[in-house]
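The next block holds one structure in the form of structure tokens; read it before the comments.
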Amino acid sequence: MPRFTHSGFEFEFIDEGDGDPIVLVHGFASNHVVNWVSTGWVRWLTDAGYRVIALDNRGHGQSSKSHDPADYHPDLMASDAIALLDHLGIDRSHFMGYSMGARITASISLAESGRAGAIIFGGRASGMVVDPGDWHAISDALLADDPALITDPQGRAFRKFADQTKSDRVALAACVQSSRTPLTWEEVARIALPTLVAVGTRDDIAGNVAPMLERLPRGTGFAIEGRDHMLAVGDKTFKKRVAEFLGENSL
């Protein structure tokens with residue numbers, strides 16, 4: 001796998017296909033393989049004529065790990081994605097983030113709007129501002145010695161996912177403390193790029209789409225029917241809507 005370094009971290013990434021580039025930013029406790037390859041996104045987008053770039057975020061997958069929460073602010077992780085564009089010599093790209101990746105994509109759109117075309121927030125809507133998750137319980141679950149004693153449903157789900165992906169749970173516990181740094185509604189209103197907000201109808205983590213669309217100058221919503229936070233990412237209707245959205249907003 002190709003790798004690059006930025007800000008003291010080494011990152012693993014993929015770069016496949018030809019056409020307009022799109023950077024895929026995965027969610028918390030995941031990695032580029034689980035979030036984007038195994039769910040069919042990379043093949044779907046390359047077949048649709050896009051150059052698909054995806055990295056393992058710091059603290060995740062095969063990229064460098066830190067146990068310091070200060071290293072996981074969304075703005076810092078956004079700078080990693082922009083550094084990858086620089087590494088590849090790409091001036092401008094679409095961006096799609098899922099869950100934590102959506103929050104990172106929001107930071108990209110605010111700090112580096114000139115580098116982004118269309119952006120997609122998957123699995124995250126008003127939860128980027130008013131967070132409904134009990135992240136302290138998730139952190140505690142990640143650090144628990146015995147997963148059988150975890151009683152919080154979200155904590156249990158994320159611990160199971162972290163164990164399945166063989167993640168560094170201490171790094172993830174550090175990440176969850178600062179990667180959830182909220183946006184303000186004023187910041188949402190400053191995101192002037194074409195934006196698709198896609199959330200599963202059974203997602204209890206993402207928050208509501210409507211308040212985002214009220215403030216996003218160029219926002220469009222999409223309901224991923226019958227899907228919860230974990231299952232929405234690979235949904236076929238989600239893929240189809242993203243392809244349409246990107247076609248409407250080519251670079």
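Atoms considered below: every heavy atom in the structure, side chains included; atoms not considered: hydrogens, waters and symmetry mates. All figures in this text were calculated on a predicted structure; none of them were measured in a lab.
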Just verifying a value: how many Å separate [X] [atom1] and [Y] [atom2], rounded to the nearest 0.5 Å?
X      : Y      : atom1 : atom2 : value
Ser250 : His94  : OG    : NE2   : 6.5 Å
Phe121 : Met128 : CZ    : CE    : 4.5 Å
Ser179 : Tyr72  : OG    : OH    : 9.5 Å
Leu196 : Arg218 : CG    : CZ    : 13.0 Å
Asp228 : Leu231 : CG    : CG    : 4.5 Å
His73  : Ser178 : NE2   : OG    : 7.5 Å

Contact summary for [X] and [Y], nearest pair of heavy atoms:
X      : Y      : result
Ile119 : Phe245 : O-CE2, 3.5 Å
Asn249 : Ala118 : CB-CB, 3.8 Å
Phe11  : Ser63  : CA-OG, 3.3 Å
Ser107 : Ala78  : CB-CB, 3.7 Å
Ala171 : Gly59  : CB-O, 4.1 Å
Ala81  : Ile108 : CB-CD1, 3.8 Å

Under 3.5 Å, side chain of [X] to main-chain N/O of [Y], donor-acceptor pair present?
X      : Y      : answer
Thr105 : Gly101 : yes
Ser38  : Val33  : yes
Asn208 : Pro211 : no
Lys166 : Ala162 : no
Arg103 : Pro74  : no
Arg215 : Ala189 : no
Asp56  : Asn31  : no
His26  : Asn57  : yes
Trp44  : Lys239 : yes
Arg124 : Gly207 : no

Requested in this report: Can you sort out the partners of Asp47 under side chain to side chain contact (heavy atoms under 4.5 Å, CB included), two or more places apart, ordered by chain and number?
Outcome: Arg43

Honestly curious: do [X] and [Y] fall in one hydrophobic cluster under the side-chain, below-4.5 Å linking rule?
X      : Y      : answer
Val176 : Leu183 : yes
Leu193 : Trp185 : yes
Leu76  : Leu84  : no
Leu55  : Ile14  : no
Leu216 : Val199 : yes

State, with a plain yes or no, whether a side-chain heavy atom of [X] is found less than 4.5 Å away from one of [Y].
X      : Y      : result
Thr220 : Thr195 : no
Phe95  : Leu85  : yes
Ile104 : Val25  : yes
Val242 : Leu246 : yes
Met212 : Val188 : yes
Met100 : Cys175 : yes
Arg156 : Arg159 : no
Ser30  : Phe161 : yes

Query raised in the report: Is there a donor-acceptor contact under 3.5 Å linking the side chains of Thr237 and Asp235?
Result: yes

Report task. Dump the intermediate steps for ring pair (Phe, Tyr, Trp, His ring centres under 6.0 Å) on Tyr50 and Trp41, then the final yes or no. Result -> CA-CA 11 Å; Tyr50 292 92; Trp41 273 105; over 10 Å; no

Query - Counterpart residues, ring-ring contact (aromatic ring centres under 6.0 Å, His included), relative to Phe222 (two or more places apart) - result: none

Check ion pair [X]-[Y] (N to O, under 4.0 angstrom):
X      : Y      : value
Arg115 : Asp86  : yes
Asp20  : Arg92  : no
Lys65  : Asp168 : no

Atom [atom1] of residue position [X] - does it have more than 12 heavy atoms of other residues, nucleotides or ligands inside 6.0 Å?
X      : atom1 : value
Asp145 : CG    : no
Arg202 : CZ    : no
Lys160 : NZ    : no

Requested in this report: Would you sort out whether His87 and Phe13 count as a ring pair (Phe, Tyr, Trp, His ring centres under 6.0 Å), showing the intermediate values?
Outcome: CA-CA 11 Å; His87 173 75; Phe13 69 96; 5.8 Å; yes

Query raised in the report: Under the side-chain contact (heavy atoms from CB on, under 4.5 Å) criterion, do Phe9 and Asp71 qualify, and how do the steps go?
Result: CA-CA 10 Å; Phe9 289 83; Asp71 285 327; 4.0 Å; yes

Query raised in the report: Is there a ring pair (Phe, Tyr, Trp, His ring centres under 6.0 Å) between His229 and Phe28 once you walk through the steps?
Result: CA-CA 12 Å; His229 192 74; Phe28 175 71; over 10 Å; no

Report task. Verify side-chain contact (heavy atoms from CB on, under 4.5 Å) between Asp75 and Thr181, making sure each step is shown before the conclusion. Result -> CA-CA 9 Å; Asp75 292 351; Thr181 301; over 6 Å; no

Requested in this report: Kindly write out the residues that satisfy side-chain hydrogen bond (donor to acceptor under 3.5 Å, both in side chains) with His6, not counting sequence neighbours, or none if the list is empty.
Outcome: Asp80

**Report entry** Sole residue of Thr46, Asp18, Asp15 in side-chain hydrogen bond (donor to acceptor under 3.5 Å, both in side chains) with Arg51
**Finding:** Asp15

Query raised in the report: Are Arg58 and Ser7 close enough, and set up right, to give a side-chain contact (heavy atoms from CB on, under 4.5 Å), and what steps lead you there?
Result: CA-CA 10 Å; Arg58 57 175 67 187; Ser7 192; 4.0 Å; yes

